[in-house]
Number of protein chains: 2
Amino acid sequence: MKQKIQVHVADDHKILIEGIIAVIDTDKEIEVEGYSLTGKEVIDWAKEKTADILILDINMPQYDGIEVLKYFKLKKIDMKTIILSSYDDVKLVQEMITLGASGFLSKDSAGEHIINAIKAVHADEQYFSDAIKSNLLKLYTGQKVESGERPESTIANSLTDREVEVLKLIAQEHSSPEIADILNISQSTVDTYRKSLLKKTNVKNAVGLAMYAVKNKII
Amino acid sequence: MKQKIQVHVADDHKILIEGIIAVIDTDKEIEVEGYSLTGKEVIDWAKEKTADILILDINMPQYDGIEVLKYFKLKKIDMKTIILSSYDDVKLVQEMITLGASGFLSKDSAGEHIINAIKAVHADEQYFSDAIKSNLLKLYTGQKVESGERPESTIANSLTDREVEVLKLIAQEHSSPEIADILNISQSTVDTYRKSLLKKTNVKNAVGLAMYAVKNKII
DNA sequence: AAGTATCTCCCCATTTTTGGGGAGGCGAAA
DNA sequence: TTTCGCCTCCCCAAAAATGGGGAGATACTT
């Protein structure tokens, strides 16, 4: 008898994991190896174990999906990954592809799609949800989307630790003087971080920063 | 044989619904009557059918959970409701209780909690996730939380149409001059709305407004 | 040793936001 | 009819955010 496809599921919502397991259980060729509730758990898991397919949520506490993929790339861990996301964000997909993801599944999509996605990716194909595909089409009409190894990530020149700290506090409604007080640095420094955050995230004001923080599960 | 508890599930993520159904199916006393993917579907469903328990997500397209509860109150529909939420937000809970919800379940909680919540609520008890309970305790030390019929909602003196319009644009990173331009009103007027928004939502700046908009699915 | 990144701080000026007040017009409800 | 909510606009002033520049200290890498 053929070996079943081993799947590991990572999402911070246990209910959702149980749903995925329930759906996968209906298929004879696929098997859930285990699950993780945070990015840290995924990384710890990957140190000792592996799976044929990793289903990875982007928004997780303690290292999000992006960080996990970056870690995999760094450690040369080569695991086929299907991204699970609430946002049909093309930019995110781009980044995911450059980070080695093979599939992109919207949380809105029904269960059968998971099965199809897993089988497609396991057969070395790529799988994208319909919403993503139409979004991509709009963007790259005529151009093909390569899964190539672009050296630079298009989005997010990765924020520094301190920048993330400031970003969190901004998203928690703190003003610059307050942040300066909390972090025990001068207001000027806080403002410097504000500027670099605006540049790096490519948004136009503090509201944009807060939204960025929400989307990237930084808060 | 005793009649099973009929449950209707409303959430915009089909995977999550399937998860809940899978969990509920393991219990012999409960049965899923059906599900809805948007607030509109819930309202349409409630026009003709009913259930013992409604499991209701807050964040849904086309009328969110809050709107659904408001509709129920307006139409004097009395259905026991368990709120499903990603946020352990005490303020939200308060509003939910005043709108008649009987339970509050965090999406982080595992499946068994759903079963317990359904049975508790069906037995005319209230059910709150642990995170909510500890948050409430912090706020109301010593005070008891009534499920009474307070005439006025404590939070959100319900925003006017125009305020919501301005709020949306703020959350979309627009500045006051821009908003004035978009809505074809003077900057002064926009600033007046900013002030009343800050008062009504009880946040301290534009970032807070954006967060409020996100939480209440106004954008 | 030279470069690079990060953290830190400052100067400048302009724009935007916040916070207080008042006030007219309009339509619906009491 | 009068009151009330909503939309609209204004004055004023202080606080905060934005945008440009420069620059020193430290630590890590090549």
Side-chain angles (χ1 to χ4, degrees), chain A residues 67 70-71 73-75 151-153 155-214 216 218-219, chain B residues 70 74 151-214 218-219:
Chain A
E67 296 300 322
K70 281 182 181 166
Y71 173 85
K73 203 170 189 179
L74 188 74
K75 294 291 181 184
E152 291 289 326
S153 174
I155 190 158
N157 306 40
S158 68
L159 309 177
T160 68
D161 292 348
R162 210 54 165 163
E163 282 165 351
V164 171
E165 278 190 89
V166 173
L167 177 55
K168 275 186 197 174
L169 292 168
I170 290 173
Q172 280 158 21
E173 299 175 40
H174 292 292
S175 67
S176 289
E178 285 171 1
I179 296 172
D181 213 52
I182 294 169
L183 298 180
N184 251 301
I185 52 180
S186 91
Q187 231 226 76
S188 310
T189 309
V190 176
D191 287 332
T192 305
Y193 286 124
R194 284 193 107 102
K195 288 177 215 173
S196 67
L197 280 169
L198 289 175
K199 268 222 179 78
K200 284 189 179 179
T201 60
N202 204 33
V203 297
K204 49 176 295 194
N205 54 30
V207 169
L209 291 178
M211 295 309 215
Y212 178 91
V214 170
N216 295 67
I218 284 170
I219 51 160
Chain B
K70 281 181 182 168
L74 187 74
E152 293 288 327
S153 175
T154 26
I155 185 154
N157 305 40
S158 65
L159 309 178
T160 68
D161 292 348
R162 210 54 165 167
E163 282 165 352
V164 171
E165 279 190 86
V166 173
L167 177 54
K168 275 186 196 173
L169 292 167
I170 291 173
Q172 281 157 19
E173 298 175 42
H174 292 291
S175 68
S176 289
E178 285 170 1
I179 296 173
D181 213 51
I182 293 170
L183 297 181
N184 250 298
I185 53 180
S186 91
Q187 229 226 76
S188 310
T189 309
V190 177
D191 287 332
T192 305
Y193 285 125
R194 285 192 108 103
K195 288 176 215 173
S196 67
L197 280 169
L198 289 175
K199 268 223 179 80
K200 285 189 178 179
T201 60
N202 204 32
V203 297
K204 49 176 295 196
N205 54 31
V207 168
L209 291 179
M211 296 309 215
Y212 178 91
V214 170
I218 283 170
I219 51 160

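All values reported here derive from a predicted model rather than from experimental measurement. Below, read A as the first sequence line, B as the second, and so on, with proteins coming before strands; counting in each chain starts at 1.
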Q: Rounded off to whole Å, could you give me the CG-to-P distance for the B:L183 and D:dC6 pair?
A: 17 Å

Q) Per the end-axis method with five pairs at each terminus, what is the bend angle of the helix from C:dA1-D:dT30 to C:dA30-D:dT1, to 10°? A) 40°

Q. For A:S176, which contact category applies under a 4.0 Å heavy-atom criterion: base, sugar-phosphate, or nothing?
A. sugar-phosphate

(Q) Could you check whether any side-chain heavy atom of B:T201 comes within less than 4.5 Å of a side-chain heavy atom of B:M211, counting everything from C-beta outward? (A) no

(Q) I'd like to check A:I182 versus A:E165 (side-chain heavy atoms, cut-off strictly below 4.5 Å). Are they in contact? (A) no

Q. With side chains defined as the heavy atoms from C-beta onward, is the minimum distance between A:I170 and A:R194 less than 4.5 Å?
A. yes

Q | B:T189 side-chain N/O to D:dC9 phosphate OP1/OP2 under 4.0 Å | A | yes

(Q) Between B:L183 and B:V190, is there a side-chain heavy-atom distance shorter than 4.5 Å? (A) no

Q.
Expressed as a whole number of angstroms, how long is the span from A:R194:CZ to D:dG19:P?
A. 11 Å

**Q.** Separation of D:dA17 P from B:H174 NE2 (nearest whole Å)
**A.** 20 Å

Q | Atom of A:K204, atom of A:L198 and distance for their closest heavy-atom approach | A | C-CD2, 4.0 Å

Q. Side chains of A:L167 and A:E163: does their closest heavy-atom pair fall under 4.5 Å?
A. no

Q: Please report, rounded to the nearest Å, how far the P atom of D:dT8 is from the CD atom of B:E165.
A: 8 Å

Q: Return the value, rounded to whole Å, for the distance between atom CD of A:Q187 and atom P of D:dT18.
A: 12 Å

Q) Contact boundaries of DNA chain C with chain B (under 4.0 Å, heavy atoms), 5' to 3'? A) C:dT16 to C:dG21

Q: Whole angstrom is fine here: how far is it from CG in A:N205 over to C1' in D:dA17?
A: 9 Å

Q. Whole-Å distance between D:dT8 C1' and B:E163 CD?
A. 13 Å

Q) Can B:T189 and B:S186 be counted as having a side-chain donor-acceptor contact under 3.5 angstrom? A) yes

Q.
When you compare the side chain of A:L197 with that of A:Y212, does any pair of heavy atoms fall below 4.5 Å?
A. no

Q: Tell me what B:D191 touches on the nucleic acid: a base, only sugar-phosphate, or nothing, going by heavy atoms under 4.0 Å.
A: base

Q.
Judged by each residue's nearest nucleotide on DNA chain C, which is more toward the 5′ side, A:S188 or A:Y193?
A. A:Y193

Q: Kindly give the heavy-atom pair with the smallest separation between A:A213 and A:A171, and that separation in Å.
A: CB-CB, 3.9 Å

(Q) Please report the distance, rounded to the nearest Å, between NZ in B:K195 and C1' in D:dA15. (A) 14 Å

